[in-house]
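In this text the structure is predicted, and so the values were computed from the model without any measurement.
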Amino acid sequence: LIGDATPGGWSTSTPMTYNQKDRCWETTATVTNGSFKLRATDGWDINWGGSIAEPTFNAGNIAVTAGNYTIRFIPQCDGMNLLTLTKN
């Protein structure tokens, strides 16, 4: 995760860990009102944005409301990616 809503802002990514059992990338993070994107290997060649309901490859920022969330992401293909933010 990276963005103005994340702890590291646009300068430092918040890492996600692969959960092999549930086959998803996940992290728990406290975010502020703002936006973020998901990206692979701290680069911009592989990134997702758009919306929580429909994360899309190389799309705009994802808006988020402040809170502490468990964030889970399953990248598959556009139209099939799954992103959930569960408030803790």
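Annotation: side chain of T14 is in contact with side chain of T27 (closest heavy-atom distance under 4.5 Å).
Side-chain atoms of E26 and N19 form a donor-acceptor pair, as typed in the model, at a separation below 3.5 Å. For the residue pair T70/N88, the side-chain donor-acceptor check at 3.5 Å is satisfied. With hydrogens and angles left out, the side-chain atoms of N68 and T30 include a donor and acceptor closer than 3.5 Å. Side-chain N/O atoms of D42 and S13 include a donor and acceptor closer than 3.5 Å.
Of the inter-residue distances, the one linking S11 atom OG with D4 atom CG reads 11.0 Å to the nearest 0.5 angstrom. Of the inter-residue distances, the one linking D78 atom CG with E54 atom CD reads 7.5 Å to the nearest 0.5 angstrom.
Nearest heavy-atom pair across G49 and A59 is C-CB, 3.6 Å.
In this structure, D22 places its CG atom where more than 12 heavy-atom neighbours from other residues, nucleotides or ligands lie under 6.0 Å away. Atom CD of Q20 is surrounded by 12 or fewer heavy atoms from other residues, nucleotides or ligands within 6.0 Å.
For the side-chain contact (heavy atoms from CB on, under 4.5 Å) test, residues two or more places apart in sequence or in another chain that qualify with N58 are N47. With sequence neighbours left out, the side-chain contact (heavy atoms from CB on, under 4.5 Å) criterion links T84 to R72, L82.
Other residues sharing a hydrophobic cluster with L38 under the 4.5 Å side-chain heavy-atom criterion for ILVMFWY residues are L1, M16, Y18, W25, V31, F36, I46, W48, I52, F57, I62, V64, Y69, I71, F73, L83, L85.
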